[in-house]
Every structure is written in C-alpha cells, then in structure tokens.
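See structure below.
Here is how names work: the chains are called A, B, and so on, in the same order as the sequence lines, proteins then strands, and each is numbered from 1.
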Number of protein chains: 2
Amino acid sequence: MTEHRHPHEAGHEAGPCCGGDAVIERAERLCRERDLQFTRLRRDVLKAVAEAGRPLGAYDIAERLSEPGRRVAAVSVYRALDFLTEHDLVHRIASRNAFVPCAHSHGEGAGLVFMICRSCGGIDETTSPEIEDQLGRTLARAGFRPASRILEVEGECEACLQREGAA
Amino acid sequence: MTEHRHPHEAGHEAGPCCGGDAVIERAERLCRERDLQFTRLRRDVLKAVAEAGRPLGAYDIAERLSEPGRRVAAVSVYRALDFLTEHDLVHRIASRNAFVPCAHSHGEGAGLVFMICRSCGGIDETTSPEIEDQLGRTLARAGFRPASRILEVEGECEACLQREGAA
DNA sequence: TCCGAGGGTGTTACAGTGTATCAGCCCCGA
DNA sequence: TCGGGGCTGATACACTGTAACACCCTCGGA
C-alpha cells in the first residue's frame with residue numbers, strides 16, 4: 001500500500017483518483033454483470049458518498065440529495081445503502097454510524113481494515129491477508145464459524161501526524 | 001463448552017463462573033486500588049449486565065433496574081456505562097449497540113476479539129497476540145498510529161454448530 | 001462552623017439512527 | 001390486459017445517545 005494513499009479525508013473533495021466517477025463506473029459495470037438495477041436513487045446516494053470525501057451519515061446523505069422539488073427521505077437512503085453495502089460498493093463504519101465508498105475493488109472476503117483518524121475525521125481502508133489468516137486460526141481454535149467481521153481502528157493518520165510534527 | 005467456554009449466551013444466566021459476583025468483586029478491588037467510586041448505580045448496572053447472560057442495550061438495563069419506587073433513566077445508565085467501559089469492566093459491542101461484561105481480566109491492550117453468534121445471540125470474547133502483532137505491522141505500514149480498535153466477528157458459535165449438527 | 005468545589009445522580013428535552021408498514025409506480029412476462 | 005415483483009415515497013414509530021440544568025453529598029479549607 002505505497003502509492004495508494006488517499007484517505008477519505010475531510011477536505012479531500014473527490015479527486016479524479018477516487019472521486020465519484022470511477023466508483024460510479026465500477027458500480028455500473030458490476031450491476032450490468034450481475035443483472036442488478038442501478039437506479040437513479042442508488043446512483044445519487046453512491047455519488048454523494050463518493051464525493052463527500054468523508055464518512056456520511058444516512059441523514060447527511062438525505063439532506064444532500066434533497067433540493068427544492070425533490071425531497072429524499074432517510075428511509076429511501078437506507079434502502080439504497082443496504083443495496084450498495086450488500087454489493088460492496090460502500091462500507092458501513094459501525095463505530096461511527098457512517099458510510100464511505102469502497103476504495104478498492106478488493107477480492108471477496110479480503111481482510112478489510114478501516115483506519116479512522118481522530119484529527120481530520122478521514123477514513124482510509126487497507127487489507128491484510130496476514131491478519132485474516134491469524135483471525136481464521138483464532139476463530140477455529142474457538143470453534144466459531146465466521147460469516148462477517150468488522151475491524152476498525154481509531155487513531156491518527158499519517159497526514160495528521162506529519163502536520164503535527166511540522167507544527 | 002469444555003472448561004472456559006462460557007459465551008454470554010441467551011439462556012446462560014449467570015453461573016458461578018462468570019456470574020455477577022466474580023465481576024463485582026473484581027470491580028470493587030479495582031476501584032479501591034485506583035481510588036474510584038463504585039457507587040450503587042454503577043454496581044447495579046454492572047450486575048445487570050453480568051447477570052443478563054446476553055448483550056444488553058442501555059435501555060434494557062434501565063428497564064431492568066427500574067422498579068416501583070425507583071425509576072432509572074437511560075441517561076444515568078449511559079453515564080455508568082461510560083465509567084465501566086473506561087475501566088474495562090464492560091465492553092461495548094459497536095455492531096449491536098449493546099454491552100457485555102468483561103469476561104477475563106486480560107492485560108492492557110490485549111487484542112480483544114468478540115464473537116457474536118447469529119443463532120443464540122450470545123457473545124464470547126477471546127484474545128490473540130498474533131492478530132495484534134499483524135495489525136500493528138499493517139498499521140505501521142500505513143503510517144497510522146492506533147489509539148483504540150474494535151474487532152467483531154459475526155457467525156455461529158460452537159454450541160449452536162453442534163446443536164445444528166445434532167438436529 | 002460555614003462555604004465552595006467537585007463528583008455523582010435525577011430530570012427534561014432533544015438530536016440522531018434505524019425500521020415497520022402501506023400505498024403507488026413501473027416494467028416485464030403471461 | 002392483467003398480475004407480480006422490485007423500487008420508491010411517505011408516515012409513523014422505536015431505539016440510541018447527548019445537552020443542559022438542578023440537586024445532593026462529601027471533603028477540604030477559611
């Protein structure tokens with residue numbers, strides 16, 4: 001994970017790297033392949049999350065999508081988010097009740113790790129097969145059959161550490 | 001369920017193993033040592049969580065503690081829970097908005113893993129220094145300085161798997 | 001003895017998060 | 001043309017969590 005350093009930071013508004021378009025294109029492709037409906041609402045919700053540059057709550061999203069003449073209720077957003085999370089287009093951050101776009105198209109069940117920065121509020125994700133291995137062993141030892149998991153770390157991201165160091 | 005297999009299972013109401021008393025005693029000792037106040041409310045909340053045998057929400061706890069003549073408001077429960085989690089006497093399960101007693105007195109910062117059973121709703125915890133090692137390496141590679149983390153796995157616990165197998 | 005500070009609790013109010021339910025719409029196939 | 005299924009809109013509601021303020025108690029000074 002050397003080059004790919006683009007945390008969903010506050011202020012990092014949708015570059016060409018991870019901005020709306022790339023995610024949307026991936027979503028369109030995926031929905032075509034799996035014969036799913038990529039409706040306007042779902043597209044709009046995904047776009048909002050992708051362009052926000054920071055984790056958004058469902059009600060934030062509803063507000064962003066609402067405009068005079070079109071009111072988007074939170075419940076509709078939740079349904080769209082259910083769809084998007086189910087197909088790994090966005091991730092839910094349990095410790096924040098918030099959603100971020102899925103940065104990479106990682107393989108199925110890759111060991112996802114979310115890093116949540118206390119300073120800038122940004123969230124970045126990475127993967128680690130080694131952690132997944134160890135976790136698998138640990139669970140096997142306990143006789144537990146896993147179906148899904150969340151691993152979220154709170155702390156200080158690289159950018160904020162450097163900023164502090166410089167200050 | 002051999003020796004130390006005592007998930008906080010539905011129906012597993014407070015054995016002598018992990019039941020209220022042991023946890024309460026540990027809490028009393030800890031509070032004496034650190035010169036903290038183990039008040040009636042804090043004790044009652046801890047007791048409720050320990051005896052429930054399953055993860056409880058704050059409002060569940062408030063209800064359990066309330067009786068004719070004493071109404072315990074959720075906000076008071078939250079304050080007690082803040083205290084108890086801060087001192088590692090209970091843990092918060094982020095993916096469920098619920099609380100369980102801390103089963104073992106594990107060392108500081110031990111890599112805690114929560115296993116949440118979909119069938120019985122029980123939650124068991126374990127630790128794995130190996131996972132912690134790997135996680136540390138992964139975060140270092142990303143330049144991220146961790147402060148706290150959560151690792152929660154959903155699936156099927158040993159007891160439920162056996163029950164299914166037998167059925 | 002009085003007084004003030006600090007911590008814990010009670011209470012009300014409210015913000016934020018998530019779900020249940022029903023009705024309407026649209027598309028597609030029989 | 002008629003259903004059925006999937007998506008959306010809308011209302012209502014339950015659950016989760018926090019803010020703000022008042023009260024009480026204890027403890028250490030003045």
Who pairs with Phe99(B) by ring pair (Phe, Tyr, Trp, His ring centres under 6.0 Å), at least two apart in sequence or on another chain? none
Are more than 12 heavy atoms, taken from residues, nucleotides or ligands other than Glu130(A), located less than 6.0 Å from that residue's CD atom? yes
Out of the candidates Glu152(B), Glu125(B), Glu132(B), only one should pair with Leu112(B) under the side-chain contact (heavy atoms from CB on, under 4.5 Å) rule; please name it. Glu125(B)
Which one of Ile150(B), Asn97(B), Leu81(B) satisfies the side-chain contact (heavy atoms from CB on, under 4.5 Å) criterion with Arg92(B)? Asn97(B)
Take nucleotides 13-30 of chain C nucleotide by nucleotide from the 5' end and write B, S or -, depending on whether a protein heavy atom sits under 4.0 Å from the base, only from the sugar-phosphate, or from neither. ----BBBBB---------
Separation of Leu65(B) atom CG from dT9(C) atom P, in whole Å? 12 Å
First contact, last contact: which nucleotides of DNA chain D are these for chain A, 5' to 3', heavy-atom distance under 4.0 Å? dG6(D) to dT11(D)
Between N or O atoms, less than 3.5 Å apart, protein on one side and nucleotides 6-8 of chain C on the other: list the pairs.
unit_1 : atom_1 : unit_2   : atom_2 : d
dG8(C) : OP1    : Arg42(B) : NH1    : 3.3
dG8(C) : OP1    : Arg42(B) : NH2    : 3.2
dG8(C) : O5'    : Arg42(B) : NH2    : 3.4

Do side-chain atoms of Arg42(A) reach the backbone of Gln37(A) as a donor and acceptor pair under 3.5 angstrom? yes
Name all pairs fulfilling the salt bridge (charged side-chain N to carboxylate O under 4.0 Å, His left out) condition that reach into residues 74-84 of chain A, sequence neighbours left out, sorted by first residue then second. none
Flag, side chain of Ser66(A) to backbone of Val72(A), donor-acceptor distance under 3.5 Å: yes
Got a second to check how far Glu28(B)'s CD is from Leu36(B)'s CG, nearest 0.5 Å? 13.0 Å
Would Arg163(B) and Glu156(B) pass as an ion pair if we require N to O under 4.0 Å? no
I need the full list of ring-ring contact (aromatic ring centres under 6.0 Å, His included) pairs touching residues 24-80 of chain B, with sequence neighbours left out, sorted by first then second residue. none
